[in-house]
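Input: a single structure, listed below in structure tokens.
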Amino acid sequence: LSKPDEIHLRMAALLLKLEKYDEALVHAKKCIILLEKQLCLEIIPNEIKLECQSTDKKIQEIWSNKMISYSMGLHNYAKGHIQLKQFSDAVPHLERAMKIGFKFLGGQDKIYQAFVADYESAISNRKDQDQAMINIKRTAAPLAIKSSKSHSLFTPAWMNGPSNSNNL
């Protein structure tokens, strides 16, 4: 029988393949939370405890496997955000996944390489998204000024000047 964190990790991966991104985010987040509790991880921004406190080899192996699952959960969570075009939300999870993945998988591992590829894509898309927002703001501001000078649907008729109507 699989453990709950493994079930949520698999469900998130399956839901991503089925393009059910909101549901995948829920399962990925549950996986992350369960593993953070199991590993007693205190997530301080940009810092994660990457060393097992035990000297027992079996416990160290379990720790290592759980950390790999944790990084995969972070990756699934980030992939859900990427598919929903929420690149800024994806980046910090990918940064953590890469940090853990590099330590426990190594830089040449395919899983780690997937973290890096998605991170680079999210960063690039986030920059494009940020630039698009800047461009929208640049074009929207002059339009707002222009439209405020013209007659508005919300301006009462008596403020638009004299009427051409003879019904006075």
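Gln129 contributes a side-chain N or O that, together with a main-chain N or O of Lys85, makes up a donor-acceptor pair within less than 3.5 Å. Within the 3.5 Å criterion, the main-chain N or O of Gly107 finds a donor-acceptor partner in the side chain of Gln113. The backbone N or O of Glu51 sits less than 3.5 Å from a side-chain atom of Gln53, completing a donor-acceptor pair.
Met67 and Tyr112 fall within a single hydrophobic cluster, where Ile, Leu, Val, Met, Phe, Trp and Tyr side chains are chained together by heavy-atom contacts under 4.5 Å. Cluster membership for Ile62 and Leu105, using ILVMFWY side-chain heavy atoms within less than 4.5 angstrom, is not shared. Cluster annotation: Phe102 is connected to Ile111 through the hydrophobic network of ILVMFWY side chains, with a link wherever side-chain heavy atoms come within less than 4.5 Å. A continuous path of ILVMFWY side-chain contacts below 4.5 Å connects Tyr119 to Leu84, so both sit in one hydrophobic cluster. The hydrophobic clustering, which links ILVMFWY residues whose side-chain heavy atoms are closer than 4.5 Å, places Ile68 and Leu34 apart.
Between Ala97 and Leu74, the closest heavy-atom pair is N-CD1, 3.8 Å. Nearest heavy atoms, Tyr70 versus Leu39: CB-CD1, 4.4 Å. Here the closest non-hydrogen pair linking Phe104 and Ser64 is CD2-OG, 3.4 Å. Shown here for Leu94 and Ala78, the closest heavy-atom pair between the two residues is CG-CB, 3.4 Å. Considering every non-hydrogen atom in both Phe115 and Met98, the closest pair reads CB-CG, 3.7 Å. Taking all atoms of both residues into account, the shortest heavy-atom contact from Ser69 to Cys31 is O-SG, 4.5 Å.
A donor atom on one side chain and an acceptor atom on the other are found under 3.5 Å apart for Asn125 and Ser121.
More than 12 heavy atoms of other residues, nucleotides or ligands shown are found within 6.0 angstrom of CD on Gln131.
Ring geometry for His81 versus His93: interplanar angle under 30°, hence parallel rather than tilted (30 to 60°).
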Does Asp5 form a salt bridge (Lys or Arg N to Asp or Glu O under 4.0 Å) with Lys66? I'd like the steps, not just the answer. CA-CA 9 Å; Asp5 57 273; Lys66 292 280 183 187; 3.4 Å; yes
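A distance of 10.5 Å separates CD in Glu6 from CE in Met72, rounded to the nearest 0.5 Å. Taking CD of Glu61 as the reference point, atom CG of Asp56 lies at 10.0 Å (rounded to 0.5 Å). For the atom pair Ile82 CD1 and Gln86 CD, the distance stands at 10.5 Å (nearest 0.5 Å). Separating the NE2 atom in His27 from the CG atom in Asp22 is a distance of 12.0 Å, to the nearest 0.5 Å. The CH2 atom of Trp63 sits 12.5 Å away from atom CG of Asn65, with the distance rounded to the nearest 0.5 Å. The CE atom of Met11 sits 11.0 Å away from the CG atom of Leu16 when rounded to the nearest 0.5 Å.
Under the 4.5 Å side-chain criterion, counting only non-hydrogen atoms from C-beta, Glu36 is in contact with Ile32. With a 4.5 Å cut-off on side-chain heavy atoms, Arg126 and Ile123 count as touching. Here the side chains of Ile100 and Lys103 are not in contact, with every heavy-atom distance at 4.5 Å or above. At least one side-chain heavy atom of Val26 sits less than 4.5 Å from a side-chain heavy atom of Lys30.
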